[in-house]
Amino acid sequence: MRFNIDTDGQITNIKTIRDSQKSFFKFGKPITRILKKSPKWIPEEINNVVSPITLEIDIPINIRITHYEDEY
């Protein structure tokens with residue numbers, strides 16, 4: 001996932017960089033919803049002054065799905 005943190009700590013420009021190619025499940029949209037609900041982040045500070053720039057962040061999210069069959 002890629003998103004920006006603005007000077008107020010708000011998350012903006014949420015993008016899915018790459019969704020699963022091997023799986024039927026696509027997680028980009030649910031993760032985007034979760035990020036939109038997250039509280040404000042602490043904006044970058046330099047010498048105790050809030051930086052006047054927007055920070056772009058890439059966060060790799062790995063989800064492993066395993067399937068277990070019931071044994072009878």
Side-chain angles (χ1 to χ4, degrees):
M1 301 298 292
R2 176 177 290 156
F3 56 91
N4 295 338
I5 306 296
D6 66 14
T7 56
D8 294 328
Q10 293 282 10
I11 295 178
T12 60
N13 283 347
I14 302 170
K15 297 176 186 169
T16 303
I17 298 170
R18 186 181 69 193
D19 216 337
S20 174
Q21 300 297 319
K22 298 177 184 177
S23 173
F24 168 78
F25 301 102
K26 303 297 179 198
F27 293 101
K29 288 183 181 181
I31 293 171
T32 298
R33 279 197 310 269
I34 292 167
L35 286 172
K36 285 182 178 180
K37 291 180 180 182
S38 77
K40 284 187 175 184
W41 289 44
I42 299 170
E44 182 178 19
E45 291 186 6
I46 300 172
N47 296 330
N48 294 328
V49 177
V50 174
S51 174
I53 63 170
T54 297
L55 180 66
E56 183 174 82
I57 298 175
D58 288 356
I59 295 182
I61 299 174
N62 297 312
I63 299 172
R64 179 181 295 186
I65 298 176
T66 56
H67 175 73
Y68 296 99
E69 292 187 24
D70 292 335
E71 294 181 22
Y72 292 101

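Values in this document were obtained by computation on a predicted structure and should not be read as measured data.
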| side chain to side chain contact (heavy atoms under 4.5 Å, CB included) between K29 and T16: does it pass, once the steps are laid out? | CA-CA 8 Å; K29 288 183 181 181; T16 303; over 6 Å; no
| said: Pair F3, L35 - check side chain to side chain contact (heavy atoms under 4.5 Å, CB included), show working. | reply: CA-CA 9 Å; F3 56 91; L35 286 172; 3.9 Å; yes
| request: Measure the spacing between CD1 of I59 and CD1 of I17 and express it to the nearest 0.5 Å. | output: 9.5 Å
| request: Find out if a path of hydrophobic residues (ILVMFWY) with successive side-chain heavy-atom gaps under 4.5 Å connects I34 to I5. | output: no
| field | S38 versus I11, closest heavy-atom pair with distance | value | OG-CD1, 3.0 Å
| Pairs flagged by side-chain hydrogen bond (donor to acceptor under 3.5 Å, both in side chains) wherever residues 1-10 is involved - sequence neighbours left out | R2-D58
